[in-house]
Amino acid sequence: MEDLYLGWIEQLRKGLEQWGSVKVPGKYRLVFIAGMGGSGIVGDYVAALSNIKGSIPVLVSKSHLVPSFLGRDDLVFIVSYSGNTLETRIAYEKAAEKKPRIIIVSSNGLLESIAAENNIPFIPIIKGVAPRTALPHMLYAILGVLDSSGYSIVSHSEAVDAYENLKNNVKEAVDKAHELSSFIAEHKGLPILATHTPLEALVVRGKNEFNENSKIPVKVEVAPEWMHNDIVGWEKPFENKYSAIIIRDPSDDIGSKLVDFMKKIYMSNNIPIYELDLQGSTFLEKLLYGSLVLGLASVKLARIRGVDPLATENITLYKKDAPKIFGRS
Ligand SMILES: O=P(O)(O)OC[C@H]1O[C@@H](O)[C@@H](O)[C@@H](O)[C@@H]1O
């Protein structure tokens with residue numbers, strides 16, 4: 001599975017090649033992105049990037065639900081790597097009733113057919129990988145449409161730079177992933193992925209990667225919200241084992257001071273800490289670099305623990321029951 005992560009350079013190249021292949025110029029009120037799991041996190045990344053320098057609100061749903069206020073003036077991305085995820089298909093149906101401009105991002109499946117039947121712009125994603133490992137391609141698919149439709153969050157040249165940056169940092173990412181997986185394996189217990197608000201999507205992604213690939217639960221904490229609730233839990237925690245992975249954007253001064261504060265509280269509870277400084281000069285570069293380190297680390301941890309990083313048995317169990325839960329036979 002490591003090769004699927006090392007294939008990210010090729011995915012970004014493909015995303016750059018497709019950049020601008022779908023354009024939907026128009027006057028939109030907001031962007032709404034629906035998807036689950038490895039596809040849903042793509043919406044979180046776009047929203048995180050848009051918080052930094054976007055010009056239009058970006059809302060994300062990782063559910064079958066869509067907001068009541070969605071309407072004709074909105075731009076909707078339906079993202080499902082497989083094209084078959086039930087919640088995402090229901091979200092598509094609910095969104096379509098409200099007649100927004102829809103774009104489908106997928107590699108296959110029912111959503112590809114729905115796009116063809118309904119004349120919906122479709123961005124094809126590379127086939128044959130695990131959904132969670134198609135993150136860079138799905139991300140560039142959306143950023144490319146927004147850039148060429150007048151709502152740029154990331155320009156083509158910034159996307160090229162991020163591709164180059166990741167290419168130049170693969171070796172470093174592999175080394176860091178090795179260190180991080182050894183750190184988690186050595187300390188066992190519950191890993192806590194902690195950071196400052198702008199990088200919340202990255203720690204959620206990391207959690208999801210360690211869940212799916214390494215088969216462990218993970219806790220996520222984000223400062224400064226962390227300072228207003230979780231911090232009190234460390235006054236008298238149960239005697240469980242924890243380890244903390246603190247992710248830092250070296251150019252974020254307030255963020256660094258906040259995570260330093262978190263560090264002190266974790267250290268006073270004797271929690272071992274691993275710190276990851278994100279490489280890159282732009283926020284996109286840092287997000288991609290951090291995602292690669294966390295993805296590779298989660299696969300390496302799976303190898304150390306002797307589990308199959310690709311298999312997700314409990315999700316299969318859920319998928320069997322999901323149609324009943326959602327009233328679909
Ligand atoms: O990404 P799609 O294909 O919509 O699937 C949605 C999600 O399903 C889950 O069960 C996992 O396998 C995720 O990695 C995946 O991303």
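Each ligand, and each atom within it, is numbered from 1 in the order the structure gives. In this text, all values refer to a predicted model and were calculated from it rather than measured experimentally. In this chain, residues are counted from 1 in sequence order.
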Query - Qualifying residue for side chain to side chain donor-acceptor pair (under 3.5 Å) with R132, from N213, T312, N211, N208 - result: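 That would be N213.
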
Query raised in the report: For the side-chain contact (heavy atoms from CB on, under 4.5 Å) test, which of V79, L75, I33 pairs with I103?
Result: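 Running side-chain contact (heavy atoms from CB on, under 4.5 Å) over V79, L75, I33 with I103 returns exactly one hit, L75.
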
Query raised in the report: Between the main-chain N or O of E164 and the side-chain N or O of N168, is there a donor-acceptor pair closer than 3.5 Å?
Result: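 The answer is yes, because a donor-acceptor pair under 3.5 Å joins these two groups.
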
Report task. Determine yes or no for a side-chain-to-main-chain donor-acceptor pair under 3.5 angstrom, with R89 supplying the side chain and N84 the backbone. Result ->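 Answer holds: yes.
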
[atom]: the protein heavy-atom neighbour that sits closest, reported with distance to 0.1 Å:
atom: atom 10 (O) of ligand 1; value: I315 CG2, 2.7 Å
atom: atom 7 (C) of ligand 1; value: M36 O, 3.8 Å
atom: atom 2 (P) of ligand 1; value: T85 OG1, 3.2 Å

Interfacing atoms of ligand 1 (cut-off 4.0 Å, heavy-atom, [X]):
X: S80; result: 2 (P), 3 (O), 4 (O)
X: S39; result: 1 (O), 2 (P), 4 (O), 16 (O)
X: S82; result: 2 (P), 3 (O), 4 (O)
X: G37; result: 16 (O)
X: Y81; result: 1 (O), 2 (P), 3 (O), 4 (O)
X: K319; result: 8 (O), 9 (C), 10 (O)

Report task. Would you indicate which of E212, M138, K62 comes nearest to atom 12 (O) of ligand 1 when only heavy atoms are counted? Result ->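 It is E212 that holds the nearest heavy atom.
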
Report task. Would you tell me which option among A130, G38, A322 has the nearest heavy-atom contact to atom 16 (O) of ligand 1? Result ->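 Ranked by closest heavy atom to atom 16 (O) of ligand 1, first place is G38.
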
Query - Connected via hydrophobic side-chain network under 4.5 Å: L258 and L276 - result: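 In one cluster: no.
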
Requested in this report: List the steps and the verdict of ring-ring contact (aromatic ring centres under 6.0 Å, His included) for Y151 and Y28.
Outcome: CA-CA 9 Å; Y151 295 91; Y28 301 106; 5.8 Å; yes

Report task. Give the ring-plane orientation class for F326 versus H64, where under 30° counts as parallel, over 60° as perpendicular and anything between as tilted. Result ->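 Rings of F326 and H64: perpendicular, over 60°.
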
Requested in this report: Applying side chain to side chain donor-acceptor pair (under 3.5 Å), run through D249 and H196 and close with a yes or a no.
Outcome: CA-CA 8 Å; D249 173 349; H196 178 215; over 6 Å; no

